[in-house]
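No hydrogens, no waters, no symmetry mates; every other heavy atom, side chains included, goes into these values. Every chain is numbered from 1 and lettered A, B, ... according to where its sequence line falls, protein lines coming before strand lines.
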Amino acid sequence: GAGVSQSPSNKVTEKGKDVELRCDPISGHTALYWYRQSLGQGLEFLIYFQGNSAPDKSGLPSDRFSAERTGGSVSTLTIQRTQQEDSAVYLCASSQGLYNSPLHFGNGTRLTVT
Amino acid sequence: AQKVTQAQTEISVVEKEDVTLDCVYETRDTTYYLFWYKQPPSGELVFLIRRNSFDEQNEISGRYSWNFQKSTSSFNFTITASQVVDSAVYFCALSEAISNTGKLIFGQGTTLQVKP
């Protein structure tokens with residue numbers, strides 16, 4: 001079946017501009033996660049959605065970052081007034097939402113802020 | 001606090017050598033899961049294995065094997081007879097039952113290079 005789909009695969013933007021990254025999870029997966037992977041770094045948790053519950057935003061690095069999940073499916077991660085330190089690969093994952101459920105990752109969006 | 005440490009940043013081996021990737025974790029939870037993921041050059045993280053905190057049996061899958069030892073809080077990954085296709089970044093991760101979110105805490109990753 002279809003995996004997690006992310007778009008765009010690459011995004012180059014100028015400092016100060018806003019960007020939107022999209023994630024389409026695996027059908028039927030109730031949980032959706034955003035992670036950030038900076039060059040040479042591990043994966044940093046950003047935000048988590050589970051069904052209709054309030055999202056866990058504890059990993060968002062600043063108030064310039066926000067995310068939505070509409071209809072319990074597609075999610076959009078928005079970064080406002082981008083900074084060069086926002087350059088990274090943004091990975092989306094989905095799962096069945098239990099603590100023992102493997103996360104299934106998309107290919108990520110590589111964001112470059114110039 | 002929960003934490004996953006992969007002390008080996010990079011490992012380089014020659015094809016057919018065995019290699020072990022180390023993973024040490026910290027958690028206050030008694031119920032948790034440990035995971036290994038592979039990230040090949042293409043970038044997508046691929047799930048390899050899941051192990052729960054109550055099952056310390058070692059697991060073998062083909063050339064891959066995992067050694068889970070609660071006494072040392074370690075979950076090491078061994079590749080036997082390594083191949084060039086094993087070249088990738090490998091991540092160890094922890095999920096705690098107490099959070100019940102499935103949120104993974106990742107280590108920094110180990111880059112494995114297998115040379116022909």
Side-chain angles (χ1 to χ4, degrees), chain A residues 2-11 23 25-26 29-51 53-60 67 69 88-111, chain B residues 1-10 21 23-25 27-55 61 66 68 88-111:
Chain A
V4 177
S5 177
Q6 291 188 248
S7 61
S9 55
N10 280 284
K11 176 72 176 178
C23 173
I26 292 173
H29 279 186
T30 58
L32 187 147
Y33 311 78
W34 284 97
Y35 282 82
R36 178 169 71 174
Q37 186 176 23
S38 303
L39 186 63
Q41 301 294 312
L43 280 81
E44 174 190 13
F45 167 76
L46 297 178
I47 189 169
Y48 156 75
F49 296 90
Q50 170 68 295
S53 302
D56 176 355
K57 304 179 182 180
S58 59
L60 294 179
R69 188 179 186 192
V89 176
Y90 289 82
L91 292 161
C92 177
S94 69
S95 81
Q96 293 179 340
L98 302 176
Y99 78 93
N100 60 351
S101 302
L103 271 61
H104 300 266
F105 284 85
N107 285 329
T109 293
R110 181 175 298 277
L111 175 66
Chain B
Q2 62 273 34
K3 186 179 179 182
V4 177
T5 302
Q6 295 179 252
Q8 304 150 308
T9 306
E10 293 185 17
L21 310 181
C23 173
V24 175
Y25 62 93
T27 177
R28 293 178 188 170
D29 205 350
T30 56
T31 304
Y32 52 89
Y33 269 77
L34 296 164
F35 299 79
W36 275 95
Y37 280 82
K38 174 182 180 180
Q39 187 178 40
S42 61
E44 183 175 353
L45 278 105
V46 177
F47 165 70
L48 295 179
I49 190 171
R50 170 185 58 194
R51 171 66 78 215
N52 78 57
S53 53
F54 300 108
D55 182 2
S61 175
W66 291 269
F68 174 34
V89 182
Y90 290 86
F91 291 96
C92 181
L94 166 71
S95 172
E96 297 174 315
I98 194 169
S99 73
N100 201 27
T101 64
K103 181 172 73 177
L104 292 179
I105 301 143
F106 284 88
Q108 293 295 90
T110 296
T111 300

Any A:Pro102 side-chain heavy atom under 4.5 Å of B:Tyr33 side chain
no

Taking the side chain as every heavy atom from C-beta outward, state whether A:Leu103 and B:Tyr37 have any atom pair closer than 4.5 Å.
yes

If you define the side chain from C-beta out and look only at heavy atoms, does anything of B:Phe47 sit under 4.5 Å from A:Phe105?
no

Side chain, backbone, both or neither: which part of B:Glu96 has an atom under 4.5 Å from a heavy atom of chain A?
backbone

Is the count of non-hydrogen atoms from other residues, nucleotides or ligands lying under 6.0 Å from B:Arg50 atom CZ greater than 12?
yes

Best-contacting candidate, B:Ser95, B:Ala97, B:Gly109, against chain A by heavy atom pairs under 4.5 angstrom
B:Ala97

Flag if over 12 foreign heavy atoms under 6.0 Å of NZ, A:Lys11
no

Checked A:Gln50, A:Gln96, A:Gln37 vs chain B; the most non-hydrogen pairs under 4.5 Å come from A:Gln37

Is B:Lys103 close enough and on-axis enough to A:Tyr48, meaning under 6.0 Å and within 45°, for cation-pi?
no

Derivation and outcome, side chain to side chain contact (heavy atoms under 4.5 Å, CB included), residues A:Phe45 and B:Leu104
CA-CA 8 Å; A:Phe45 167 76; B:Leu104 292 179; over 6 Å; no

Can you tell me which portion of A:Thr30 sits under 4.5 Å from chain B's heavy atoms? Options are side chain, backbone, both or neither.
neither

Rounded distance [0.5 Å steps], CG in B:Leu45 versus CG in A:Asn107:
9.5 Å

Under 4.5 Å from a heavy atom of chain B, the part of A:Ser95 involved:
neither

